[in-house]
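What follows is a single structure, written as structure tokens, with notes after it.
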Amino acid sequence: MIGLVDCNNFYASCERAFNPALRNRPVVVLSNNDGCVIARSNEAKELGIAMGALPFEIEKLIEQNNVAVFSSNYTLYGDMSHRVMTILQTYSQDVEIYSIDEAFLSFDGYNLYDLEAYSREIVGKVTKGTGIPVSMGIASSKTLAKVANKTAKKRKELKGVYVIDSDEKRIEALRNFAIGDVWGIGRQYAELLVRQGVKTALEFTQMNKEWIQKHMTVVGRRTYDELCGHPRIDFELMPPAKQVICNARSFGSMLTEYTQVEEAVANYAARCCEKLRKQNCCASVVMVFVHTNQHRKDLPQYGKNIVINLPVATNSSMELVKYATKGLRAIFKEGFHYKKAGVIVSDIVPAASIQSNMFYELDAIKQGKIMKVLDELNGAMGRNKVIVGRQGFERKWKLRQEKLSPCYSTRLSDIITVKA
DNA sequence: TCTGGGGTCCTAGGACCC
DNA sequence: TCTGGGGTCCTAGGACCC
């Protein structure tokens with residue numbers, strides 16, 4: 001059997017975990033640049049604040065209902081996630097960390113005579129240990145575990161845990177489950193299926209398999225099997241190395257100067273390298289792109305990307321910043337208001353397997369040592385204390401984060417004070 | 001004025017070779 | 001001169017996820 005643990009309203013719950021004054025108060029968290037709503041507490045959902053809502057649309061609701069609004073604080077969420085996962089790992093040998101707020105637990109080989117009681121213990125332990133409420137669904141496949149989890153969240157009387165351990169329970173859960181809520185069925189497929197008269201997950205499992213394969217590819221067929229109780233999606237204990245790494249952001253404000261955009265691109269390139277080094281890999285292709293604000297029809301539009309093949313795969317910030325800014329120089333045009341830029345590295349290979357000539361190798365070893373020191377310093381002192389020159393200090397491109405909460409759990413100066 | 005960011009997988013179609 | 005098929009590689013686009 002497979003369990004899926006999912007943190008409830010994760011980002012909103014993180015903001016609440018260290019701030020008891022927010023209990024019972026509606027909380028929303030905004031995306032990068034404070035652009036739109038990406039997380040809501042239950043109270044905020046009940047007010048009718050939608051996912052993706054824009055701040056100005058909900059201004060009145062915020063005022064009238066004393067809604068607490070936060071910029072996203074990924075340092076805090078990342079640390080809270082780690083705490084949750086650490087607790088989960090004490091309950092199963094095989095934990096697949098699926099996302100920042102979700103994990104699959106395998107109970108294969110466990111002789112648990114009461115899976116539901118065990119699950120309740122896990123849910124209680126995480127909530128008590130971290131302050132983050134979680135729900136858990138258990139079933140024979142990942143997709144069914146997802147269904148069970150959402151059912152546990154939706155039906156209050158289940159108190160956060162639902163086990164699908166019989167065909168009757170499977171059918172009952174699927175009967176009440178909208179097709180568009182199934183993991184793997186997005187908006188396009190949901191619309192296609194509804195046009196075919198299929199509204200629930202149960203009806204989907206009664207469809208013609210060949211039709212599904214033909215119109216929804218092998219992916220749809222896999223979802224079908226999973227919902228029928230036959231696992232088709234494997235457990236991934238070791239996350240595979242990423243094949244593409246991307247760092248791209250909208251700027252806090254529109255930029256017109258080359259040097260400002262270059263600073264941003266240098267930082268994005270350096271971040272890509274940090275991620276590469278973390279998975280012990282190097283990339284041999286880098287793509288740089290810039291574009292103006294597509295929503296501003298009144299301003300001239302421009303967007304372009306450039307792909308650069310590196311002579312030798314690298315994960316050195318100094319190397320990559322050099323190539324990325326060279327690329328930017330080639331595509332940057334004066335006279336536009338730039339809104340976004342990004343760096344994407346690909347053709348990623350293990351660092352150990354890099355082919356190069358001896359000359360270069362010596363240099364690579366030297367660079368590797370420098371990067372190791374850089375990572376250690378930044379790890380100890382906080383990100384971006386030590387940087388490659390071009391990353392700059394002006395930081396005009398920085399995100400807008402006007403409502404950032406303190407990094408309660410990762411920054412000594414932000415630690416909470418308890419008055420006793 | 002404001003409209004996220006970072007990923008994966010699959011398929012179709014074109015280019016090219018034998 | 002005309003014609004065919006199979007295989008591989010690459011890219012673009014579309015679908016999905018959190």
Side-chain angles (χ1 to χ4, degrees), chain A residues 4-11 28-39 50-59 62 69-74 77-78 81 96-104 142-143 146 149-150 179-193 212-223 226 232-234 236 239-254 264 268 271-272 274-276 279 285 287 289 291 293-299 305 307 309 337 339-348 399-403:
Chain A
L4 172 68
V5 175
D6 184 316
C7 301
N8 302 347
N9 316 323
F10 184 56
Y11 297 168
V28 303
V29 177
L30 303 176
S31 66
N32 282 332
N33 281 318
D34 299 344
C36 63
V37 172
I38 54 167
M51 201 68 167
L54 308 177
F56 82 92
E57 291 173 348
I58 53 171
E59 226 164 62
I62 290 173
V69 180
F70 292 95
S71 303
S72 28
N73 182 344
Y74 287 101
Y77 311 151
S81 171
E96 176 187 337
I97 299 175
Y98 177 69
S99 75
I100 194 164
D101 70 336
E102 272 176 77
F104 289 105
K142 283 182 167 180
T143 310
K146 281 268 196 181
N149 183 291
K150 279 204 180 178
I179 187 63
D181 289 342
V182 173
W183 189 45
I185 310 283
R187 228 188 58 205
Q188 302 298 322
Y189 285 152
E191 279 173 18
L192 173 69
L193 290 168
I212 294 173
Q213 174 103 27
K214 182 165 173 231
H215 293 91
M216 301 172 66
T217 79
V218 296
V219 182
R221 179 57 206 274
R222 201 159 55 204
T223 300
E226 286 249 319
R232 291 282 182 268
I233 304 173
D234 289 336
E236 271 171 14
K242 300 231 184 304
Q243 297 165 40
V244 175
I245 291 173
C246 169
N247 205 259
R249 292 235 170 9
S250 298
F251 307 132
S253 58
M254 287 188 283
Y268 302 156
R271 270 296 289 150
C272 284
E274 271 175 45
K275 291 183 190 173
L276 282 170
Q279 63 177 38
V285 174
M287 196 256 265
F289 70 86
H291 62 75
N293 188 345
Q294 283 134 317
H295 303 288
R296 289 291 299 268
K297 305 284 182 226
D298 54 321
L299 292 173
N305 68 63
V307 177
N309 292 297
H337 292 76
K339 181 61 182 166
K340 184 172 179 178
V343 175
I344 300 171
V345 293
S346 55
D347 281 50
I348 293 172
L399 294 179
R400 190 161 45 227
Q401 290 185 310
E402 286 167 3
K403 292 156 181 164

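Letters go in sequence order (proteins before strands), and every chain restarts at 1.
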Atom C1', compared across C:dG4 and B:dC16: separation rounded to whole Å: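 The same atom, C1', in both gives a distance of 16 Å.
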For [X], report the nucleic acid contact type (base, sugar-phosphate, nothing); a contact means any heavy atom under 4.0 Å.
X	result
A:I245	sugar-phosphate
A:E57	nothing
A:D6	nothing
A:V29	nothing
A:N247	sugar-phosphate
A:L30	nothing
A:S250	sugar-phosphate

Search all heavy atoms of A:L399 against all heavy atoms of A:N33 and return the closest pair with its distance.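 Closest heavy-atom pair between A:L399 and A:N33: CA-OD1, 3.4 Å.
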Base-paired stems in DNA chain C, each at least three Watson-Crick or G-U pairs under 3.5 Å: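 For DNA chain C the paired stretches long enough to count as stems (3 pairs minimum) are B:5-18 with C:5-18.
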Return the set of residues passing side-chain contact (heavy atoms from CB on, under 4.5 Å) with A:E402 (not counting sequence neighbours), or none when no residue passes.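 For A:E402 the side-chain contact (heavy atoms from CB on, under 4.5 Å) partners, ignoring immediate neighbours, are A:D34, A:R400.
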Tell me every residue that passes side-chain contact (heavy atoms from CB on, under 4.5 Å) with A:K242, counting only those two or more places apart in sequence or in another chain.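 Partners of A:K242 by the side-chain contact (heavy atoms from CB on, under 4.5 Å) criterion, ordered by chain and then number, come out as A:I245, A:Q279.
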Sole candidate of A:V182, A:I185, A:L4 that passes side-chain contact (heavy atoms from CB on, under 4.5 Å) when paired with A:T143: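 Running side-chain contact (heavy atoms from CB on, under 4.5 Å) over A:V182, A:I185, A:L4 with A:T143 returns exactly one hit, A:V182.
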For A:N9, which residues count as a side-chain hydrogen bond (donor to acceptor under 3.5 Å, both in side chains) partner, sequence neighbours excluded?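 side-chain hydrogen bond (donor to acceptor under 3.5 Å, both in side chains) check on A:N9 returns A:N42, A:K45.
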Suppose we screen for side-chain hydrogen bond (donor to acceptor under 3.5 Å, both in side chains). Which residues come up paired with A:D298, at least two apart in sequence or across chains?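 For A:D298 the side-chain hydrogen bond (donor to acceptor under 3.5 Å, both in side chains) partners, ignoring immediate neighbours, are A:R296.
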Would you say A:I100 and A:Y11 make side-chain contact, with heavy atoms under 4.5 Å?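 Yes, close enough: below the 4.5 Å cut-off.
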Under a 4.0 Å N-O cut-off, is there an ion pair linking A:R187 with A:E191?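 Looking at A:E191 together with A:R187, the answer is yes, because their closest N to O distance falls below 4.0 Å.
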With a 4.0 Å cut-off, would you call A:E236 and A:K142 a salt bridge?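 Here A:E236 does not pair with A:K142 in a salt bridge, since their nearest N and O are not under 4.0 Å apart.
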Both A:C246 and A:N293 contact DNA chain B. Which one's nearest nucleotide lies toward the 5' end?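 This one resolves to A:N293.
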Between A:P240 and A:R400, which has a closest nucleotide on DNA chain B that is more 5'?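 In this pair, the answer is A:R400.
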Please find the earliest and latest nucleotides of DNA chain C, in the 5' to 3' direction, that have an atom within less than 4.0 Å of any heavy atom of chain A.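 For DNA chain C, the relevant span reads C:dA15 to C:dC18.
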